[in-house]
Amino acid sequence: MNLLSIGGSDPSSGAGIQSDVKSFSEFGAYGLTVITAITGQNTSSFGMIEAVSKRILKNQLESVLTDFKIDGIKIGMVFNSEIIKTLYQQLKKLKIPIVVDPVIKSTTGGALIEKKAIKDFQKYIIPLATVITPNKFEAEILSKLKINSETTIEKIAKKIQKMGAQNVVITGIEGKNNKIADFVLEKSTKYQISGDKITSTNHGSGCNYSAAMIFAISNKKTIRESVKFAKEFAQNSIKNSIKVGNGIKITNSQKKDMINSELSQSINEFVKIKNIYKNIPECQTNFVYSKPKPKSTKDILGLSGRIVKAGNEVIVAGNLTYGGSKHVATALLVVNKKFPEIYSAINLKYQNSTISKIKKSKFTISSYDRTLEPNDVKNQGSTVAWGIKNAIKKFKTPPDVIFHKGGFGKEPMIIIFGETPKNTIKKVLKITG
Ligand code: PXL
């Protein structure tokens, strides 16, 4: 997945396009950038701003738009009217989801947009937004309304939506009991998503929020799922913020291990395989990767949701978590016990066509018969472990594929095993292509 961040350069890398490239990498996406302005700032103070010329702005945009398939665009700092109008001319024809983060002021006090450009921002940038993510302060400025007993947050959101944004998410609405909520106005529904308030002054959380939002939206998540994902990512980035300079802390996204980033990359690759939806079983697909020497499924990373079929496409539901998969992780655990070099697995739909392709390729293949499962095993709910153990009993080298043809009320299934997620994907490509 390729994501484009259009915004200002922040040399402290806490916010702006530098922060977005970091976030996009965390998600396993490739980050492209178009710089609108260069700021001089650090964690204590905000210095100069120089907007780039219309010529180089246009040239940057054309460079990325003509070369890359861009899955989503985030617009942050735009600074002046010339930049706003140039962006509009280049972006209005595109059919790519756009998240607009209407940044007005930095935490350290810098003005990120000229006052006289706000009108053009409302006219040209807001209508580009699939989702706009102002905080309470930004929402008040854009709507020219102040929250009070008469003016509700909903009224403000509706006014911004009238300016042309499809969905409006106003962040940081303080509630009771140390809770903080995001107010969401979709086309016709409204709701709030609440979370714990974290009191810490930091640099970058707004950028982290909107970067996560465009990643989720580009992955075809619903608005509600995207808000939850963005909120969780931003909250974690605040919790993990680090003191790098002498001033305020810089947000830092959750530390991800190599296992996580390798599996994320392979999942992104998997969902892009042509017609892969035909290989997703009724009970959906999980893709797992184990830590060295796993003791239980808690040592195995998998999706808390699944890779699910949505029409002729597949989408990823849930996040990568240790213990996220039960069945595929159990199968891997059993195989890894006998063949410690096998660390990854994925389940696919059982189809005769796939089985013939597996047989034609030089893969090692095994199977088990669920109908032979002893009653005590069935009652303990340990069918998978029993079946896989049986399937590899006579094997001296690890099988690439283990399948079963189902049982009463049980869907037949194919599991592909590999040393790494990359290696597993290679095998998947051979038998699904
Ligand atoms: O967090 C908003 C923001 C966005 N873009 C740039 C910034 C800031 C805040 O400082 O500097 C370039």
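Just so you know, ligand 1 is whichever comes first in the structure, and atom 1 is the first atom listed for that ligand.
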### Message
Between Phe229 and Tyr209, does the ring-ring contact (aromatic ring centres under 6.0 Å, His included) criterion hold? Intermediate values first, please.
### Response
CA-CA 9 Å; Phe229 178 76; Tyr209 187 97; over 10 Å; no
### Task
Evaluate the salt bridge (Lys or Arg N to Asp or Glu O under 4.0 Å) criterion for residues Asp71 and Lys69: first the C-alpha distance (whole Å), next the side-chain angles of each, then the deciding distance (0.1 Å), finally the verdict.
CA-CA 6 Å; Asp71 300 287; Lys69 182 196 167 288; 2.5 Å; yes
#### Entry: Options Gly204, Pro102, Ser106, ranked by nearest heavy atom to atom 10 (O) of ligand 1, top entry
Ser106
### Query
Taking only residues two or more places apart in sequence or in another chain, which ones pass ring pair (Phe, Tyr, Trp, His ring centres under 6.0 Å) with Tyr88?
Tyr124
Expected list for residues 266-274: side-chain donor-acceptor pairs under 3.5 angstrom, two or more places apart:
| from | atom 1 | to | atom 2 | distance (Å) |
| --- | --- | --- | --- | --- |
| Ser266 | OG | Glu262 | O | 3.4 |
| Asn268 | ND2 | Gly28 | O | 3.1 |

Counting each atom of ligand 1 from 1 as listed, which ones have a heavy atom of [X] under 4.0 Å away?
X      : answer
Gly8   : 12 (C)
His203 : 9 (C), 10 (O)
Ala15  : 1 (O), 3 (C), 7 (C), 8 (C), 9 (C)
Met77  : 5 (N), 12 (C)
Gly16  : 4 (C), 5 (N), 6 (C), 12 (C)

### Task
Decide whether the shortest distance between a heavy atom of Lys105 and an atom of ligand 1 is less than 4.0 Å.
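No, Lys105 has no heavy atoms under 4.0 Å from ligand 1.
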### Query
Touching ligand 1 at all, Gly7? Heavy atoms, strictly under 4.0 Å?
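Under 4.0 Å: no for Gly7.
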Protein contact to [atom] [nearest heavy atom, distance to 0.1 Å]:
atom                    : answer
atom 1 (O) of ligand 1  : Cys207 SG, 3.5 Å
atom 11 (O) of ligand 1 : Gln41 NE2, 2.5 Å
atom 2 (C) of ligand 1  : Val103 CG1, 3.5 Å

#### Entry: Electrostatic pair Lys54:Glu82 at N-O distance under 4.0 angstrom
no
### Message
For Leu303, is there any backbone N or O sitting under 3.5 Å from a side-chain donor or acceptor partner on Asn286?
### Response
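Between the backbone of Leu303 and the side chain of Asn286 there is a qualifying donor-acceptor contact (under 3.5 Å).
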### Message
Quick check on Tyr30: does its OH atom have over 12 non-hydrogen neighbours (other residues, nucleotides or ligands) under 6.0 Å away?
### Response
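No, OH of Tyr30 has 12 or fewer neighbouring heavy atoms, counting only those of other groups under 6.0 Å.
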### Chi angles and distances behind the side-chain hydrogen bond (donor to acceptor under 3.5 Å, both in side chains) call for Lys74, Ser210
CA-CA 7 Å; Lys74 174 194 146 169; Ser210 46; 3.0 Å; yes
### Query
ligand 1 versus Leu112, non-hydrogen atoms closer than 4.0 Å: side chain, backbone, both, neither?
side chain
### Message
What I'd like to find out is whether the side chain of Ser226 reaches to under 4.5 Å of the side chain of Phe215, using heavy atoms alone.
### Response
no
### Message
When you compare ligand 1 with Thr39, is there at least one nitrogen or oxygen pair between them that comes in under 3.5 angstrom?
### Response
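No; the residue has no nitrogen or oxygen that sits under 3.5 Å from a nitrogen or oxygen of the ligand.
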